[in-house]
Amino acid sequence: MLSALEIEALSLSLKVALWAVGCSLVPGIAVAWLLARRDFPGKALLDGLVHLPLVLPPVALGYLLLVLFGRNGPGGAWLHDWFGLSLVFSWRGAALAAAVMAFPLLVRAVRLSMEAVDRRLETAAQTLGARPLRVFLTVTLPLTTPGILTGLLLAFVRCLGEFGATITFAANVPGETRTLPLALYTALQIPGGEAGATRLALISVALAILALVASQYLARQVSRRIGL
Amino acid sequence: MLELDLTAQVGGFNIKAAFQAGSGVTALFGPSGAGKTSLVNMLAGLLRPDSGRIVVQGNVLFDSRQGIDLPPEHRRLGYVFQESRLFPHFTVASNLSYGRRLATKSRALVDFDAVVDLLALAPLLTRRPKSLSGGERQRVAIGRALLAAPRLLLMDEPLANLDAPRRSEILPFIEKLRRQFEISIVYVSHNMDEIVRLADQLIVMDNGGIVAQGPVDEITARLDLRPLTGRWDAGAVLTTRVTAQDQRDALTQLSFQGGDLWLPQLDLAIGTPLRIRVRARDVSLALTPPKGISVLNIFAGQVIEVGEDDGPQVDVLVDIGSPLWARITKRSQRELGIVPGRKVHALIKAMAVDRRGLGSDAG
């Protein structure tokens, strides 16, 4: 049904997207909380930084990542010396590129949802004896779940579709960094590769639709459970 | 029990209040915007006063001079909000247990079943707040605050969002809980009916300051506070005790310092203490004891004070052994010569002792 090439691209896309989103979850919630609930000097700067990947050309961002995490960049050298890890030409690099591009989407969705949580419920929890962390874990976070789910979905789908930063930073290595979009692009470079490209495009669309439907279903379940 | 002395600037207006409250129910009364809720929020630690001191049961919660300001989670005060604030993602049972789980072992825990019984919450335990009525939600809110084993219960207009039938449904629960759990309550309300029914001490606030404080009967009898306590329903509070039941005429006799009152039968045991409110508009005055009149409750007394009001009517404070208010027309006042010192007879229409104005003086 699917050729080896397609399976490789598909599973790589999934692996990259899942790792990217999985590692972004906690930092994403933390940053969303900072922006939603806290005031501090430099808040506007943080807000701007988080949104940068939304407005920068992806290739430019890929280049930035290369400067920082390439073989000779500060981050890249450190990772190589301490962990023996190399991000460029590796699926890890593809995951990092995807994660960075998708981060603002996650943060935005979580932040919006968190800001909508009734603060009065949080103060009620305080009067009942709950300390700030407990208030966050038992009241704020559960009620933010719809936003977290939405953010995760948006981030996941964005990761699946990530191209410019990936190809610039992680390069186009089959089996390592050639995710679905890169595979599609590559197929179009080859004369007579349109058929393959079409199939890859269809797979991408199917994947995106599946993700959307799954999230709609989950969102409904969650809303019911948290009494909204 | 509670000592409070604060000043604060809230939203552009100044609050300055100092009072002490003992056990029982202390009501904070005043018009909207008087600063009652701000005061309670400062008590709870949700709002910070500019200066002052708050001590509850010997524990200093706030002292600006010593730099003490305990956060709300350490104050151990229960707070029942006007809008219940139940956690929508928890069941009723989990809502109730929320504060209880956080109570440290050193504190005496409040019995879960006792509270559920008291507030009739058993059929609601597995439900979600969303499916409850307003009255049910407030009962759960009260239970939740109680179960956190607080030193003091704060209630900020807990019945304000409910309609009259719901209010009279919940008031007995609050009376019961105060008796059964022996917990002191600070009760904020702008509804005199609730206060007469529940409160022992009354603190009247206006414009950020305390205008009067004292036992409920005394404060409601004061003429100068009437603009605040509400002119239409103005009346005196009499402390009485059930002394007899007349089965044939279906009447109950209540005795108070001025004598005996007869009113339509109340299903209460002899000896039951009862606080009743007699509205000024239901009291007439006569210079001589009327004969051949249908009113059962007539008392001899003396005029203490006459109010100054706009309009055709005026309120008169009469001492019949207890203070009582009568509302008469200015014409009658003039023609009868109703002035302080005048001996008069006060007529209370038996039907005017309004059941909604009945408060229990137990405990």
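The sequence lines fix the lettering, A, B, ..., with proteins before strands; numbering per chain opens at 1. Note that these values count all heavy atoms, side chains included, but never hydrogens, waters or copies made by symmetry.
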Shortest non-hydrogen contact from [X] toward [Y]:
X: F90(B); Y: T138(A); answer: CZ-O, 3.7 Å
X: A130(A); Y: E73(B); answer: O-CB, 3.3 Å
X: L121(A); Y: F87(B); answer: O-CE2, 3.4 Å
X: L128(A); Y: Y98(B); answer: CD1-CD2, 3.7 Å

Between [Y] and [X], is there a side-chain heavy-atom distance shorter than 4.5 Å?
X: P88(B); Y: L143(A); answer: yes
X: R131(A); Y: H74(B); answer: yes
X: Q126(A); Y: L46(B); answer: yes

Say whether R75(B) and T127(A), considering side chains only, have a donor N or O and an acceptor N or O under 3.5 Å apart.
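There is no such pair (donor and acceptor under 3.5 Å, judged by atom type) between the side chains of R75(B) and T127(A).
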
For H89(B) and R224(A), indicate whether the former's side chain and the latter's backbone hold a donor-acceptor pair under 3.5 Å.
no

With a sphere of 6.0 Å drawn around [atom1] of [X], does it hold more than 12 non-hydrogen atoms of other residues, nucleotides or ligands?
X: R108(A); atom1: CZ; result: no
X: Y63(A); atom1: OH; result: no
X: Y217(A); atom1: OH; result: no
X: Y185(A); atom1: OH; result: no

Check whether L154(B) gets within reach of chain A through its side chain, its backbone, both or neither, counting any heavy atom under 4.5 Å.
neither

